Amino acid sequence: MRWIVASAWPYINAVPHLGTLIQVLSSDVYARYRRKKGDSVVFVSGSDEHGTPIEIEAIRKGISPKELTDKMHSYVSDLFNRFGISYDNYTRTESPTHVKFVQEFYMRVYENGHIFEKETEQLYCPNDKMFLPDRFVIGTCPYCGYEKAHGDQCDRCGRLLNPTDLINPRCAICGAEPELRRTKHWFFDLPKFSGKLKEYVESNEQLPDNARSMSLSMIEDGLKPRSITRDNKWGIPAPFPGAEGKTIYVWMEAVLGYVSAVKEYFERLGKPEEFDEFWKGKDTKSIYFIGKDNIPFHTLIFPALLMASEEGYVLPYNVASTEFLLFEGEKFSKRERIGIWLDEALALLPADYWRFYMIYIRPETKDANFAWDDMVAKINDELNDTLGNLIHRVLSFIKSRYSGIVPDAQLDEESEEMLKEAKEIAERIEDSIERVKLRDALKEFLEMARLGNRFFNSREPWRDIRENKPRADSTVVASFNLLKAMASYMHIFMPFSAERLWRMMGLDGEPAPFSDAFNIVTGVQLGEVEPLFHKVNKEELQEKLEEVRERGEVLSARE
RNA sequence: AGCGGGGUGGGGCAGCCUGGUAGCCCGCCGGGCUCAUAACCCGGAGGUCGGUGGUUCAAAUCCACCCCCCGCUACCA
């Protein structure tokens, strides 16, 4: 089976925070899982770098948008690398392949008759010489009198507004008074696809409940045409006749990145012909990891665009949408510095600790909350004590009592039984991941560690070693092989630690594919044994975070 | 306002779709073990599952209404 695994493209006007990491990590766990199962995987994402907020951020910094995104893209790519995200291609929307692909794609949709033009009126800032998105017009709310209401909504009374409703409207960038100007835009005829989309959503059983219900209710309410173009300078030039000076709206191009990134991947490999096999293949499935705010783009607009291209691209097999992550009960906020940003996170703890905790609290059924106390408890009690200690007690036992060499012994019935139970847990892990229940999978994985601890306790090999050597041998061989199997499963969640474990166990290469996870190995000479994890302390972590921020050690702290 | 999600022992969560003795982690109490990172294992106390009414032999689970919290509403991305 071929798999396209993708996570939503982070918008890189700023360093992403932990909320973004959820999607990125989820997709990585899934991609690693597929590879361990032996599937053919192309795992892609990239930086979403066009649009007004980046243009404005660049103005604020006094540099060009390209200079800004060049810097941010390399910074963010590096962060994902350090988090162990195994992208086959992490690209960007400025990539020439993407730009060319988007333009050709839309021309095709245009020629297929799914795009029309329409004149609209929009506020324009004569000072900044740009049309202003609704959000970038500020003025007095006509309902409650709030003076800093945005053109799309008043933040005080919550009413939805049109920018022209505002009293005394101002440009959010420079404060000048905007004027109403006529402008022409190109629209994608989304309503035309309502029927097909409904059929697609209803027949797609993998979709999470939140994605299905939201999509269906939107179709039920009636879809509207979506404008494809913007009057921004910073973006991909719209290819339509008469659209000179217009660019493609970021969302409408960024979703196509899922396709162009795979194309680019194969071009880079020197096998461009494999792109079609992948994206149009009958045995290809695609899965997208996103937050619930992105659902309509992935379940409606993106599939409709793929249909409209009439190119035979496979429709999304699953849109693995999650709820939101809160930080100590509040929304992440850059302005108020509520949250933790990715570069800060890595300054505090190794990537695997974050990978562990973020998957542990993955917001699968409802908004989840990041809490220091909870994170510390989970890391100390489960990651360190349950898992880390099992590994250490088994390996150090082999070190001290067996000179570091796993005995070449037969397994007795009880040992066989334990490994059989472990295999059943492994099957449940796989089953959970198939259903994209990643937190269940991680919890099942911890169950393997509990099984190991129970087994080691009840078998008391420290006693057998004197009184019943064969029994101790069996315990040791079984425990060692449990760890070996665990390393394979750990590898998808915590790749760095799993690889370290593998080396400590004296095994070659990297943790085995699932098909070999339970092949019994004996006679191995262990490597250097040391604790895999350590406990963490809340106060120390918080102090460290303060330091990192005060010293401006990471980019997000300086923004 | 509309739509969506949530309200389960002290804390954090699962279970609800496919009704039938309420499960997990932490914390608390007691015991065991000493190989291990004061780690591990076993046992126990603690919840009438937001409220009211209904369906049913039986409801945390289905239905109706109500209360509270959160999010989204498509030219912010």
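A quick note: this is a predicted structure, and the numbers were derived from the prediction, not measured. Letters A, B, ... mirror the listed sequences (proteins, then strands); counts begin at 1.
Distance from the side chain of A:F324 is smallest for B:rG71 among the nucleotides B:rU37, B:rG71, B:rC13.
At the phosphate of B:rA14, neither OP1 nor OP2 sits under 4.0 Å from any side-chain N or O atom of A:K437.
If you take atom P in B:rG5 and the same atom in B:rG12, they sit 22 Å apart, rounded to whole Å.
Of the residues near RNA chain B, A:P531 and A:A449, the one whose nearest nucleotide (by heavy atom distance) lies more toward the 5' end is A:P531.
The pairing partner recorded for B:rA1 is B:rU73, the criterion being a Watson-Crick or G-U wobble arrangement whose two distances lie under 3.5 angstrom.
Side-chain to base pairing of A:D48 with B:rA77: no donor and acceptor N or O lie closer than 3.5 Å to each other. On a pure distance criterion of 3.5 Å, a polar donor-acceptor pair joins the side chain of A:N384 and the base of B:rU37. If you check distances only, the side chain of A:E460 never reaches the base of B:rC33 with a donor-acceptor pair under 3.5 Å. Side chain A:N457 to base B:rC40: a donor-acceptor pair is found below 3.5 Å.
The CZ-C1' distance, from A:R428 to B:rC24, rounds to 13 Å in whole Å. Note: CD (A:E364) to C1' (B:rG15) measures 14 Å, nearest angstrom.
Both geometric conditions, a ring-centre gap below 5.5 Å and a plane tilt below 30°, are not fulfilled together for A:F397 over the base of B:rC35.
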